[in-house]
Amino acid sequence: RSGEMAKLTQLIDNEVFRAYATYATIVLLKMMLMSLITAYFRITRKAFVNPEDTASFGKGESAKKYLRTDADVERVRRGHLNDLENIVPFLGIGLLYALSGSDLSTALLHFRIFVGARITHTLAYLIPLPQPARGLSWVVGYAVTISMAYKVLKTALYL
């Protein structure tokens, strides 16, 4: 029925939407974990970017030495930034994909591969694993998002 909004109960009954909600929650929690890992690295490496963050290490010149960049902190931050650049598009496109009438098995394949690729990408950044591990995991996740976008456009092409 055109013009009617879907009821929330209809979404909850939609297996593909529930699968999307599950895997979207997993990658969002993983992305949130990157904030905690960044904070951990900042504290353990004593590398801060804001003067107020150094207050517990003294005042004036003694605290200034903690206002610095650290290679390990920056590595974690780059991994977190990469999550933002890839998980946010997945969330939007994945939602549209979940609502586009995809079958459950294909949707689960897309969602699971994306989540696995993002977890692998994070591990490749944090350990670090030798290339091409990080690059391949990025390509796989990106390709999944493009595949879902193609399906959405093919299903509801109003260009």
Side-chain angles (χ1 to χ4, degrees), residues 1-45 47-50 53 70-159:
R1 299 182 232 193
S2 181
E4 284 189 30
M5 284 187 101
K7 292 183 174 73
L8 186 57
T9 53
Q10 289 173 309
L11 288 179
I12 293 170
D13 290 339
N14 180 330
E15 289 181 317
V16 176
F17 178 78
R18 286 199 325 261
Y20 164 77
T22 300
Y23 289 98
T25 301
I26 291 168
V27 291
L28 284 170
L29 287 171
K30 189 212 81 56
M31 190 167 63
M32 291 171 62
L33 179 62
M34 292 300 285
S35 295
L36 296 176
I37 294 170
T38 302
Y40 170 79
F41 273 78
R42 281 202 182 285
I43 292 165
T44 60
R45 306 305 194 271
F48 303 98
V49 293
N50 300 307
D53 298 338
D70 177 85
D72 293 332
V73 173
E74 292 306 308
R75 176 174 276 281
V76 176
R77 283 176 24 87
R78 286 190 305 272
H80 192 189
L81 180 60
N82 194 278
D83 273 352
L84 290 168
E85 294 168 350
N86 289 275
I87 291 173
V88 171
F90 167 81
L91 294 173
I93 292 171
L95 176 61
L96 296 173
Y97 177 80
L99 300 175
S100 70
S102 300
D103 65 282
L104 180 61
S105 62
T106 305
L108 283 170
L109 185 65
H110 278 93
F111 301 154
R112 288 174 177 163
I113 290 173
F114 182 84
V115 170
R118 292 313 305 169
I119 290 170
T120 301
H121 186 271
T122 296
L123 292 174
Y125 243 124
L126 296 179
I127 292 176
L129 297 176
Q131 282 287 30
R134 192 179 77 240
L136 286 175
S137 61
W138 177 84
V139 166
V140 168
Y142 202 81
V144 166
T145 304
I146 295 295
S147 173
M148 291 187 302
Y150 174 77
K151 166 68 165 80
V152 170
L153 289 173
K154 185 178 164 196
T155 302
L157 196 58
Y158 286 107
L159 298 177

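Being a predicted model, the structure only gives us computed values, none of them experimental. Values below: all heavy atoms of this structure, side chains included; hydrogens, waters and symmetry mates excluded. Residues take their numbers from the sequence shown, with the count starting at 1.
The number of heavy-atom neighbours closer than 6.0 Å to CZ of Arg77, taken from other residues, nucleotides and ligands shown, is 12 or below.
The main-chain N or O of Ser102 is never found under 3.5 Å from a side-chain atom of Thr106 such that the two would form a donor-acceptor pair. Between the Arg45 side chain and the Asp70 main chain, no donor and acceptor come within less than 3.5 Å of each other. With hydrogens and angles ignored, the 3.5 Å screen pairs a side-chain donor or acceptor of Gln131 with a backbone N or O of Gly135.
Across Leu96 and Val152, no two heavy atoms sit closer than the pair C-CG2, 3.7 Å. Scanning both residues, Ala124 and Arg75, for their nearest heavy atoms gives O-NH1, 4.3 Å. Contact between Ala21 and Thr25 at its shortest, heavy atoms only, is O-OG1, 2.7 Å. Considering all non-hydrogen atoms of both residues, Ala98 and Asn14 come closest at O-ND2, 3.9 Å. Minimum heavy-atom separation, Pro89 to Leu84: CD-O, 4.0 Å. Residues Tyr142 and Asn86 approach most closely at CD1-OD1, 3.6 Å, considering heavy atoms.
The aromatic rings of Phe90 and Tyr20 are tilted relative to each other, their planes meeting at an angle between 30° and 60°.
The distance from atom OG of Ser137 to atom CD1 of Ile113, rounded to the nearest 0.5 Å, is 13.0 Å. With rounding to the nearest 0.5 angstrom, the CZ atom of Phe41 is 7.5 Å from the CD1 atom of Ile37. Between the OG1 atom of Thr38 and the CG atom of Leu81 there is a distance of 10.5 Å, given to the nearest 0.5 Å. Interatomic distance, NE2 of His121 versus CG of Leu126, reported as 10.0 Å (0.5 Å rounding). Taking CG of Asp83 as the start and CG of Leu33 as the end, the distance is 9.5 Å to the nearest 0.5 Å. Atom OH of residue Tyr150 and atom OG1 of residue Thr155 lie 9.5 Å apart, to the nearest 0.5 angstrom.
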| query | Which is it for Leu91 and Leu28 under the side chain to side chain contact (heavy atoms under 4.5 Å, CB included) test, yes or no, and what are the steps along the way? | reply | CA-CA 9 Å; Leu91 294 173; Leu28 284 170; 3.6 Å; yes
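Taking the six-membered ring wherever Trp is involved, the centroid distance between the rings of His110 and Phe114 does not fall below 6.0 Å.
In this model, no donor atom of one side chain and acceptor atom of the other lie less than 3.5 Å apart for Ser147 and Lys151. Checking Tyr23 against Arg112 by side-chain atom types alone, a donor-acceptor pair falls below 3.5 Å.
Partner Asn82 forms a side-chain contact (heavy atoms from CB on, under 4.5 Å) with one of Met31, Arg134, Met34, Arg118 and no other, that one being Arg118.
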